Amino acid sequence: MAHQWGMVIDLDRCTGCAACVVACHAENNISTVGEDQAARGRAKHWIRVERYYEGEFPDVRVKFMPVLCQQCDAAPCEPVCPTFASYHTIEGLNGQVYNRCIGTRYCANACPYNVRFFNFYNPEWDKPLNLQLNPDVSVRSVGIMEKCTFCVQRIKASEIQAEAEKRAVKDGEIQPACVQSCSPHAMVFGDLSDPQSEVSRLARSSRGTKLLGELGTQPKVTYLQRESWHGAENA
Amino acid sequence: MSRSNLGLKRCLRVTVFLGMIILVLSLLDRTSPAQDTAPPPQTMTQSSPIFTPAHRTVMDAVREFFGSRQKPVQPIAYTHKVHLANGMQCTDCHVGVDRGPDARIPSVNFCMTCHQVIATDKPEIKKLAAYRARGEDIPWQRVYGFLPSAHVKFNHAPHIRAGVDCAQCHGDMTKQTVAVRMVDHTMGFCVQCHREKNVSVDCVACHY
Amino acid sequence: MERRDFLKISAATGAVAALEGCGNPDHQLIRFVPEEDMLPGLATWKPSICTLCPAGCGMLVRVMQGEAEVVRNGQLGILKMGLPKKLEGNPAHPISHGRLCPRGQAGLQVTYHPDRIKTPLARSGPRGSGQFQEITWDEAMKQLLSHLTALQTSNEQGKIGFLTSPLRGQRKTIVHGFAAALKAAPPIEFAFLASRTIQEANAWSFGSDALPTVDLSHSNYLISFGADFLGTWNSPVAQSVGYGHMRNGRTGQPGKFVQVESRISQTGASADEWIPSQPGMDGVFALSLAHVILSEKLGTAGAAGHAGALIAGWSEGLPDYAPAAVEKQIGVPAATISRIAREAAANAPAVALIGDGPAAHTNGFFNALAVNALNAVLGSVGKPGGIVFSPVWTSQSGKPGAAEGKKDGESSVRTLAEQIHATPDSVKVLLVDGANPVFATPMAWRVREAFEKVPFIASFGSFIDETTVLADLILPDHSPLESWLDDSPESGSTKTVASLAPPAMQPLHNTRSMPDVLLDLAHQLGGPVAAALPWKTYDDALKIAFSSLQKQKGSVSATDADDFWTKVKDQGGWWSAEDKSVSLAAGKIPAAAVKNTAPQFDGSPDQFPFHFLPFASQLCYDGSLAHLPWMQESPDPLSTVMWGTWVEMNPRTAEKLAIKQGDTIEVASQHGSLRAPALIAPGIAPDVIAMPIGQGHTNFTRYASGRGANPISILAPMVESGTGSLAWAATRVKISHISEGKIVMFGASLTDASPELKHR
């Protein structure tokens with residue numbers, strides 16, 4: 001059976017530090033757009049840290065939630081694409097085939113998570129910043145939609161390596177850039193089709209919820225909700 | 001005026017008009033390639049079946065659409081035929097092809113390990129020695145390779161491990177002197193083989 | 001003829017001409033012979049050390065072959081070389097545990113920055129104009145040597161100043177050794193977020209002049225007084241790893257985390273309980289907790305040892321700190337204080353931290369001592385789940401370092417500036433490496449004006465910043481990824497850590513490693529200076545220094561010296577086999593027990609009604625990373641602001657002053673004013689105005705210059721009364737509404753660009 005890649009994000013551990021955001025930029029050749037374009041909502045962050053304030057001073061609580069493409073099983077972005085650039089891969093990812101994309105942006109419109117980003121201009125790197133570009137990842141050009149791929153280049157590399165060594169991909173062997181950077185280990189990535197994998201085990205947690213799951217998108221990212229502390233005042 | 005005449009005139013007008021558009025677009029074609037790898041080889045011999053704007057510049061798209069290419073001009077008339085006839089293997093020089101995505105194109109130092117003593121009087125070898133003497137590497141031009149706009153990530157190693165012969169994708173190099181592109185690496189070419197061998201034809205197998 | 005073919009033919013006529021001219025100019029550059037043998041497309045991993053903050057995380061650098069335009073022997077060409085593509089934490093490293101923070105991830109952009117200084121420069125315009133001309137290394141060295149030897153001959157070596165960012169390891173040995181042998185003034189190590197007050201308090205309480213290592217993974221209860229320990233304070237990656245474990249990484253009860261501060265910080269946002277308290281009252285809060293613990297017999301006064309005995313009234317059970325008596329002062333209900341104290345005592349191991357703002361009041365030293373005493377009575381000092389002090393490796397390359405133990409606070413620069421203003425002749429040559437005090441000190445200190453009086457300034461900087469722009473001569477250092485690096489972090493691990501890294505790449509530009517330049521200078525100066533620095537290169541010095549570790553039990557076992565050196569280089573350093581913490585010596589014994597002193601603030605409450613709280617930016621840190629485009633464009637996690645700064649205020653405050661989100665407001669202290677957009681957020685006390693440090697550079701590359709405002713500039717020159725450090729949280733300000741403005745936020749920008757954008 002094909003792998004079904006999924007992720008669990010433990011909001012009890014997430015500190016909202018944004019290491020995942022920068023790691024994603026570095027890994028995936030995501031260009032910066034500058035202040036003016038950013039002001040127009042054109043900054044590209046395949047993963048972002050959402051922050052929610054609750055309550056009023058002095059009883060304020062904050063919640064962080066890293067949001068990336070949820071790699072939905074019933075993805076609203078896929079059926080709307082007239083050129084089949086957004087499609088469902090065998091391993092359950094919401095693929096984005098850049099060559100096919102003609103930039104209708106229907107997918108971004110359909111996506112309830114706001115995780116698809118359009119290239120309004122050709123990406124530019126002031127030389128020699130371009131030397132940092134990861135040769136394992138395409139540089140997307142103007143007119144193309146882009147989004148989180150679960151670091152498919154890392155998935156491929158691990159699969160090819162495992163095949164060369166005539167073994168299966170080990171649980172935990174594949175770490176997308178965001179997962180690898182996460183200091184408090186809030187993110188876990190793995191194969192949901194393997195019930196023994198850590199990600200499957202955690203996804204079954206009673207704390208597990210899906211982001212906007214009521215829309216029926218069947219996301220493959222599970223968020224583990226925060227637990228309130230229930231210790232005692234007296235030993 | 002006859003109907004056909006009218007048609008011809010309109011046809012000419014459209015021709016001139018389109019030509020001018022292309023010229024203007026080419027002037028706007030200023031974006032430098034963003035990748036740090038060598039500039040993309042302009043070696044598409046077949047035109048693209050569909051026009052897609054998924055290119056860094058409009059001119060890139062136009063070039064691919066028309067199958068325009070620059071023929072690589074090699075700085076040294078290296079002959080594959082002679083080397084292979086002398087019993088050398090592809091992987092002797094193109095190291096790494098069985099380990100990773102790319103095969104190495106040898107540097108001047110690598111060539112000179114043999115040509116320090118072999119055929120030193122030949123004019124092409126003298127060119128080689130001159131590069132070394134100047135402390136320069138040989139500016140080999142790539143013959144194969146995908147345009148960045150193809151968004152293709154090809155990895156040699158699994159193909160070699162699967163027993164795909166070099167000649168299957170690169171032609172019979174024992175007959176070639178300076179390498180020319182003998183096989184068109186179109187998507188159809190890749191997919192046909194993938195289908196025959198029953199391996200993945202999922203888009204993200206190659207496009208990411 | 002099909003339509004498509006027709007179109008092709010018609011367009012082709014016009015296209016041909018255009019296509020012919022499409023050669024790529026890159027082809028015309030010559031290609032240098034590659035110096036390393038790499039396979040294309042395959043990644044190798046090289047160890048390195050993150051130098052962007054004092055935590056000292058070990059990294060692995062993903063290096064792949066690429067083609068870079070470089071200048072070699074004065075000629076531009078293309079070189080196939082190993083290029084760092086990605087930075088990850090080194091999983092074997094005891095501090096980073098394979099992880100990195102967002103700033104560490106962006107270290108790549110330091111190396112590849114387009115505005116790096118690429119070759120030695122000599123000033124060609126008026127000082128500060130930013131006009132420089134390129135010179136050769138030979139000329140640069142000659143110029144610097146002539147200035148140094150001139151002072152040598154006139155016997156004025158004491159007028160040579162050396163100003164650096166905080167130094168450790170062999171880099172410190174070389175810098176201090178150079179200065180000592182030259183008989184120059186002792187080097188001054190400057191950083192805005194230096195934590196001197198806390199270090200000194202730890203020396204008093206525990207006999208350890210260092211920041212603590214926090215063993216969060218075993219803690220059951222954590223009270224943090226303002227410490228941004230998950231963001232920027234101390235060793236954030238190591239602390240975040242421990243925090244994750246404390247929250248949900250072990251069986252049983254997750255630990256509780258309480259944060260005390262007047263504005264929700266990056267760290268406070270994760271707290272189970274966030275308690276706003278009055279600025280500067282953290283020491284009283286801590287002692288009130290201790291009072292509850294002592295009075296309810298949850299702990300004994302004697303158990304706190306020296307750390308407790310330092311505090312006036314400790315042995316009597318801190319009678320002045322009963323919650324009911326101090327709740328008004330602290331601004332926290334007595335019931336809450338009692339509850340927190342009981343919870344902490346019931347959920348051992350419990351630990352308290354202090355950092356950032358609370359230590360940057362005029363009574364910061366007292367606050368820190370009070371928290372130390374609380375830790376001591378909680379029994380968390382030197383214990384699992386508490387704070388421990390790491391054994392720091394201090395071996396030198398067979399030579400005693402001039403001042404290995406010496407640590408400077410930010411006030412050292414104030415002293416230097418005052419000295420220059422008083423006696424302009426007292427510093428004739430100033431060498432600057434890595435520090436940018438012109439940006440990171442209050443205008444009231446007049447550092448820029450002082451430096452302008454120094455006849456000759458040489459900088460080893462990689463970028464033109466506010467300090468380097470004043471230099472007469474710039475001898476650019478390699479970027480960290482291009483350099484040999486070593487480090488011996490003072491906290492973050494219970495092991496002794498000696499990190500080491502060879503260069504991860506060849507230099508891109510015509511730069512030289514600063515320690516190598518100093519060694520070269522020493523050799524050329526000859527005499528005692530050359531004798532004091534006998535190593536040919538920095539890596540020679542490192543090899544000799546590290547050889548002393550071979551016999552100790554640690555992460556590397558080797559057959560001989562060369563084998564040991566190779567293995568240490570491959571592993572990214574050496575660390576001890578056992579977890580060990582420094583055994584606590586009795587700290588300093590003061591003449592009298594330390595009493596509470598009320599925090600002083602600059603500016604009267606009527607005229608300047610708001611406390612001004614600058615805080616370290618999660619992305620731009622202390623401003624030294626504002627030049628990286630990734631740091632500018634990544635949204636700040638709390639405010640989501642990109643490419644700029646903001647002034648944070650409570651909604652009630654904003655309503656009272658009729659300020660709307662994004663409005664430009666003016667913040668004025670008695671010492672200056674600045675303008676920035678307002679950000680209205682609930683997590684801040686109504687009488688506090690907060691502002692991130694980092695932006696407001698006047699001269700720091702194309703990405704940071706002229707962007708936002710610098711809160712440090714308007715700070716009052718208040719000092720911490722015990723240590724003399726800058727009390728950067730002790731300024732009061734007033735604010736006024738100026739106009740509608742703009743603020744760039746991820747997903748919700750307010751721009752002044754056009755009306756239709758405003759209503760998007």
Side-chain angles (χ1 to χ4, degrees), chain A residues 10 12-23 25-27 32-36 38-41 43 45 48-49 51 53 55-58 60-64 114 126-136 177 180-186 224 227-235, chain C residues 41 64 66 68 83 85-86 88 99-102 105-106 108-109 112 114 230-231 237 240-241 243-244 247-249 253-254 256 264 266 269-270 272 274 276 339 342-343 346-347 508 618-619 629-630 633-635 637-638 640 642-643 650 681-683 685-686 742 744 746-747 749 751 753 757:
Chain A
D10 188 341
D12 222 0
R13 287 183 170 216
C14 175
T15 65
C17 76
C20 50
V21 178
V22 184
H25 270 263
E27 173 74 16
T32 50
V33 298
E35 183 181 7
D36 294 342
R40 304 184 64 164
H45 299 294
R48 65 176 179 266
V49 177
R51 180 266 303 128
Y53 283 118
E56 277 181 31
F57 186 87
V60 188
R61 294 290 169 274
V62 184
K63 279 182 180 165
F64 286 123
N114 264 323
D126 294 329
K127 273 187 178 179
L129 281 173
N130 60 310
L131 295 184
Q132 182 274 327
L133 292 179
N134 183 358
D136 295 344
Q180 189 168 3
S181 72
C182 184
S183 299
H185 292 241
L224 304 185
E227 269 180 320
S228 53
W229 185 76
H230 40 77
E233 199 176 309
N234 301 300
Chain C
M64 294 179 87
L83 294 172
K85 297 291 181 182
K86 181 82 174 59
E88 308 285 3
R99 311 277 147 167
L100 277 185
C101 76
Q105 289 282 350
L108 290 166
Q109 291 198 322
Y112 295 127
L230 298 173
V237 171
S240 296
V241 171
Y243 171 82
R247 294 308 299 221
N248 237 308
Q253 172 75 20
K256 180 174 179 179
I264 287 192
Q266 177 65 38
S270 293
D272 291 295
W274 181 72
R339 177 173 53 80
R342 287 179 201 128
E343 282 179 2
N347 291 281
L508 282 177
Q618 173 66 0
L619 297 161
W630 284 338
E633 189 151 310
S634 295
L638 273 170
T640 78
M642 302 183 281
W643 293 101
N650 189 285
K742 67 165 181 174
V744 182
F746 192 54
S749 290
T751 76
L757 278 176

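This is a predicted model, so every value here is computed, not measured. Values below: all heavy atoms of this structure, side chains included; hydrogens, waters and symmetry mates excluded. Chain naming here is simple, since letters A, B, ... match the order of the sequence lines and numbering starts at 1 in each.
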Identify which part of A:D10 has an atom lying under 4.5 Å from any heavy atom of chain C, answering side chain, backbone, both or neither. side chain

Interface residue of largest heavy-atom contact number with chain C, from A:E56, A:K63, A:R48, under 4.5 Å: A:R48

I need the C:Y112 OH to A:D126 CG distance, nearest 0.5 Å. 15.5 Å

CG of C:N650 to CZ of A:F57, rounded to nearest 0.5 Å, is 6.5 Å

Chain A contact via C:P254 - side chain, backbone, both or neither, heavy atoms under 4.5 Å: both

Of the listed residues (C:A106, C:S270, C:P629), which shares the most heavy-atom pairs with chain A below a 4.5 Å separation? C:S270

Minimum heavy-atom distance C:Q618-A:C17, with the two atoms named: NE2-O, 2.7 Å

Does A:P184 reach the side chain of C:R247, with side-chain heavy atoms less than 4.5 Å apart? no

Residue among C:N248, C:L108, C:V241 with most heavy-atom pairs under 4.5 Å to chain A: C:N248

I'd like to know which of C:G41, C:A685, C:A681 tops the heavy-atom pair count under 4.5 Å against chain A. C:A685

Of the listed residues (A:C20, A:G55, A:S181), which shares the most heavy-atom pairs with chain C below a 4.5 Å separation? A:S181

At their closest point, which heavy atom of C:W643 faces which heavy atom of A:A38, and how far apart are they? CD1-CB, 3.9 Å

If every non-hydrogen atom of C:P635 is compared with every non-hydrogen atom of A:H45, which pair is closest and at what distance? CD-NE2, 3.5 Å

At their closest point, which heavy atom of A:R51 faces which heavy atom of C:L638, and how far apart are they? NE-O, 2.5 Å

Correct closest heavy-atom pair for A:L131 and C:A68 would be CD1-CB, 3.6 Å

Report the C-alpha separation of C:K86 and A:Q180 in whole Å, then their side-chain angles, then the decisive distance to 0.1 Å, and conclude whether the side chain to side chain contact (heavy atoms under 4.5 Å, CB included) test is met. CA-CA 11 Å; C:K86 181 82 174 59; A:Q180 189 168 3; 6.0 Å; no

Under a 4.5 Å heavy-atom cut-off, does chain C meet the side chain of A:A186, its backbone, both or neither? neither

Within the distance-only criterion (no hydrogens, no angle test), does the side chain of A:Q132 pair as donor or acceptor with the backbone N or O of C:Q109 below 3.5 angstrom? no

Neighbour count above 12 (heavy atom, 6.0 Å) for A:E227 CD: yes

Does any non-hydrogen side-chain atom of A:V33 lie less than 4.5 Å from one of C:E633? yes

Quick one: pull up CG in A:N134 and CG in C:L83 and give me the separation to the nearest 0.5 Å. 12.0 Å

Passes side chain to side chain contact (heavy atoms under 4.5 Å, CB included), A:H185 versus C:Y243? Steps please. CA-CA 9 Å; A:H185 292 241; C:Y243 171 82; over 6 Å; no

Given the options A:A177, A:C14, A:A23, A:P58, which has more heavy-atom pairs under 4.5 Å with chain C than any of the others? A:A23

With a 4.5 angstrom heavy-atom cut-off, could you sort out which part of C:Q266 is near chain A: side chain, backbone, both or neither? both

If you compare all heavy atoms of A:P128 against all heavy atoms of C:P114, which two are closest, and at what distance to 0.1 Å? CD-CA, 3.8 Å

Flag side-chain contact, heavy atom, 4.5 Å: A:C182 against C:R99: yes

Determine, stepwise, if the pair A:V22 / C:L100 fulfils side chain to side chain contact (heavy atoms under 4.5 Å, CB included). CA-CA 10 Å; A:V22 184; C:L100 277 185; over 6 Å; no

Does the side chain to side chain contact (heavy atoms under 4.5 Å, CB included) test come out yes or no for C:F746 and A:V49, once each step is laid out? CA-CA 10 Å; C:F746 192 54; A:V49 177; over 6 Å; no

Tell me, do C:K742 and A:E35 make a side-chain contact under 4.5 Å, heavy atoms counted? yes

NZ-CG distance between C:K85 and A:D136, expressed to the nearest 0.5 angstrom: 9.5 Å

